[in-house]
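Each remark here refers to the structure printed beneath this line.
In what follows, chains are A, B, ... by sequence order, proteins preceding strands, each numbered from 1.
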Amino acid sequence: MLGKNGDRDNYTYPILVQACAIRASEFEGKQMHNHILKFGFGLDVYVQNTLINMYSVCENMRDARNVFDEMPVLDSVAWNSILAGYVRVGDVEQAKCIFGRMPERNTIASNSMIVLFGKRGCVGEAWRLFQELPQKDMVSWSALISCLEKNEMYEEALAVFVKMFANGIMVDEVVVVSVLSACATLSAAHTGKLIHGLVVKIGIESYVNLQNAFIHMYSSCGEIMAAHKLFNEAFNLDQISWNSMISGYLKCGLVEPAKTLFDSMPEKDVVSWSAMISGYAQHDRFSETLALFQEMQLCGIRPDETTLRFSRRRQKKGVSTWNALILGLAMNGLVEKSLEMFSEMKTCGVTPNEITFMGVIGACRHMGLVDEGRRHFDSMMQEHKIEPNVKHYGCMVDLLGRAGMLKEAEDLIESMPMTPDVATWGALLGACKKHGDHDRGERIGRKLIELDPNHDGFHVLLSNIVASKGDWNGVHEIRGIMMQHGVIKTPGCSMIEADGVVHEFLAGDKKHPRMKEIEVMLDEMAQKLKMEGYAPDTNEVSFDIDEEEKETALFRHSEKLAIAFGLIATSPPSPIRIIKNLRICNDCHMAAKFVSKAFGRDIVLRDRHRFHHFKQGSCSCNDYW
DNA sequence: TTAGGGTTAG
């Protein structure tokens, strides 16, 4: 394109510069600019205007402004071009300044300002400018409509369009696309149809973008047949048409037609794949979701630039993001990392809130970091002026209790400025059970079942504590109280996903269709685990039965059934993933550790409180939970 | 013969 300047003149250069603008190619544009200066065409107004436009399109406002500032004579095109650049990059200050300095306002400049106001949410200013405009053209109306549409004033956008039409202003495909978007959001199928009629009448119906906007509008309004008809009869379709039709079917719950269309697509891009995958997920078809996701990866499809741009968009992490990170890490046993993130959060200048402290104290609790937890608890008030609430106290009681500091925990409860809730007492009760302080446990347990006579967990804990003392009469007494109050123990339930189906196991469950295989696997587990040195922790069983029966009962806990099934029905290297409704019991925790080693399978178990990652004989919670 | 309006797919 460059070369000797023999055949270039100030009519050719603008065309070349313009070509760079259309391709938004700043590099080539700069080369052209240098060339122009070198051969002495830099003072031509027409050439200069195209340079301003080229830099503006490339959003390089510094160079655009340099050209503008050096121009000896400024015509309206120069003013409009530099203004358009500032509007494009959203620089309100500079745009207002240029608009104010213009020797003569014109419709094009005002239209740009309406667009800018629309971008910035200044609907009032856009309206005012529009109304004051002596000569409104099609673009003025269109800019106002899109300003309203962008600011979620869909009804108003439609009303302005109606007025535009009534005033005899010409309507083109650009403004109709805007209006159709409003119809889609409002589910205004009737208006959409009227517009469709209008579009056909004025003969612009074959624009692909318009076709796509209609497909989207009809399927958003639930008029899938109309969308389908349009799609089938269209002369030219592009990738967006196909993707719109697929997501239209999915939006209307038509998964099969969506899949048929997906399969017959000439070319599938990342949008097609993700539309179909999320469509499956939305309609609870999980095995297909996973299968398609795998297939997508096998096809080598990766998230595109747009996907990345949309998901990376949160530039400054807010307090909720930090909270989620702190809580999530702690829950998965990465306590140090979690506390590290808390420090980093403060370094980044984000102010912690009360939820942050739930996460931080919770992190300390997961690892028994009593001193550190106390320090954070004290700093809440002293440094951050956050009054601890009942949950923070509960968390501290739990931290102390789990660490075996039962007296300190009880003293803290007594010193609370508010009435302790049952969860706080419950935490202490759990700690008493864990550390074998049966007397304190019984005293607190009896108090708790009075406070909350319908809570099954407290009765069960108390009954277990009493059973640990060997006081079977006491156990029967508590069972009696439960019966009296109609309290039923929530059965332990473990869930595991295999091949897209969720399987549920209750303790002692025999209903699973593959129960025979599970039984065989349970026997194999028992043998292997014993060889590895596993000894059942029969303290967990609170029935007045003999030791051998206790072992059998232990081996029918829902977690173990789920693990056995996981060993049969899933294959490595994927971990066995289990969700349990209650806290995992000691014996199952130990058994899971042994299984992870003896069978070489990782197990990820989420219980009521946290995640346990079992790997090669140990757990991420370091046996502290 | 340079300057202004749009969106549709995840």
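- Remark: A:Ser146 is in phosphate contact with B:dG6, judged by side-chain N or O atoms under 4.0 Å from OP1 or OP2.
- If you check B:dG6, B:dT2, B:dT8 against the side chain of A:Ile240, the one that comes closest is B:dT8.
- A:Arg128 and A:Glu132 are not joined by a salt bridge, as no carboxylate oxygen comes within less than 4.0 angstrom of a charged side-chain nitrogen.
- A:Leu292 has its CG atom 13 Å from the C1' atom of B:dG10, to the nearest Å.
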Subject >> Worked check of side chain to side chain donor-acceptor pair (under 3.5 Å) between A:Asn53 and A:Ser56 >> reply: CA-CA 5 Å; A:Asn53 179 51; A:Ser56 292; 5.7 Å; no

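- Of the charged side-chain nitrogens involved, at least one lies within less than 4.0 Å of a carboxylate oxygen, so that A:Asp602 and A:Lys615 count as a salt-bridged pair.
- Shown for residues 105-124 of chain A: residues whose heavy atoms fall under 4.0 angstrom of DNA chain B, namely A:Thr107, A:Ile108, A:Asn111, A:Ser112, A:Val115.
- Per the geometry, CD belonging to A:Glu173 stands 9 Å off C1' belonging to B:dG6, to the nearest Å.
- In the set B:dG5, B:dA9, B:dG4, the nucleotide with an atom closest to the side chain of A:Ala143 is B:dG5.
- Contact annotation: A:Gln18 side-chain N/O to B:dA3 OP1/OP2 distance is under 4.0 Å.
- Remark: P of B:dG4 and CD1 of A:Ile82 are 12 Å apart, rounded to the nearest angstrom.
- Taking atom CD1 of A:Ile98 as the reference point, atom C1' of B:dA3 lies 13 Å away to the nearest angstrom.
- For A:Asp137 against B:dG4, a side-chain-to-base donor-acceptor contact under 3.5 Å is present.
- Scanning for ring-ring contact (aromatic ring centres under 6.0 Å, His included) contacts around A:Tyr86 gives an empty result, with sequence neighbours left out.
- Relative ring orientation between A:His612 and A:Phe614 is described as parallel, the plane-to-plane angle staying below 30° on a 0-90° scale split at 30° and 60°.
- In terms of the side chain to side chain contact (heavy atoms under 4.5 Å, CB included) criterion, residue partners of A:Ala258 (sequence neighbours excluded) are, by chain and number, A:Ile246, A:Tyr249, A:Leu250, A:Met276.
- The side chain of A:Asn53 approaches B:dA3 more closely than any other nucleotide in the set B:dA3, B:dG4, B:dT8.
- For the side chain to side chain contact (heavy atoms under 4.5 Å, CB included) test, residues two or more places apart in sequence or in another chain that qualify with A:Arg608 are A:Leu582.
- For A:Asn49, the side-chain atoms get nearest to B:dT2 when compared with the rest of B:dG6, B:dT2, B:dA9.
- Taking a 4.0 Å limit (strictly below) on heavy-atom distances, residues 210-218 of chain A reaches DNA chain B at A:Asn212, A:His216.
- With B:dG4, B:dT2, B:dA3 as the choices, the nucleotide that has an atom nearest any side-chain atom of A:Asn80 turns out to be B:dA3.
- Rounded to whole angstrom, the span from the CG atom of A:Leu148 across to the C1' atom of B:dG5 amounts to 13 Å.
- For A:Ala275, the side-chain atoms get nearest to B:dG10 when compared with the rest of B:dG10, B:dA3, B:dT7.
- Nearest nucleotide to the A:Ser181 side chain, out of B:dG4, B:dG5, B:dT7: B:dT7.
- Among the nucleotides B:dT1, B:dT2, B:dG6, the one closest to any side-chain atom of A:Val77 is B:dT2.
- Every residue two or more places apart in sequence or in another chain that forms a salt bridge (charged side-chain N to carboxylate O under 4.0 Å, His left out) with A:Glu256 is listed here: A:Arg285.
- Here A:Met245 lies out of heavy-atom contact (under 4.0 Å) with every strand.
- Counting any heavy atom pair closer than 4.0 Å across all strands shown, A:Ser274 reaches a base atom.
- Between A:Arg577 and A:Glu497 there is no salt bridge, since no side-chain nitrogen of the basic residue lies less than 4.0 Å from a carboxylate oxygen of the acidic one.
- Distances shown here put a side-chain N or O of A:Lys150 below 4.0 Å from the OP1 or OP2 atom of B:dG6.
- Closest contact between the side chain of A:Glu149 and the listed nucleotides B:dT2, B:dT7, B:dA9 involves B:dT7.
- Whole-Å rounding puts the A:Met102 CE to B:dG4 C1' distance at 11 Å.
- One atom, CG of A:Asp75, and another, C1' of B:dT1, lie 11 Å apart when rounded to the nearest Å.
- Here the C1' atom of nucleotide B:dA9 and the CG atom of A:Leu180 are 15 Å apart, to the nearest Å.
- For the pair A:Glu223 and A:Lys193, the salt-bridge criterion is met [side-chain N within less than 4.0 Å of a carboxylate O].
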Subject >> salt bridge (charged side-chain N to carboxylate O under 4.0 Å, His left out) assessment of A:Glu59 paired with A:Arg88 >> reply: CA-CA 7 Å; A:Glu59 303 195 356; A:Arg88 195 170 286 120; 5.6 Å; no

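- Nearest to the side chain of A:Val174, among B:dG4, B:dG6, B:dT1, sits B:dG6.
- Proximity of A:Ser76 to the phosphate of B:dA3: no side-chain N or O atom is located under 4.0 Å from OP1 or OP2.
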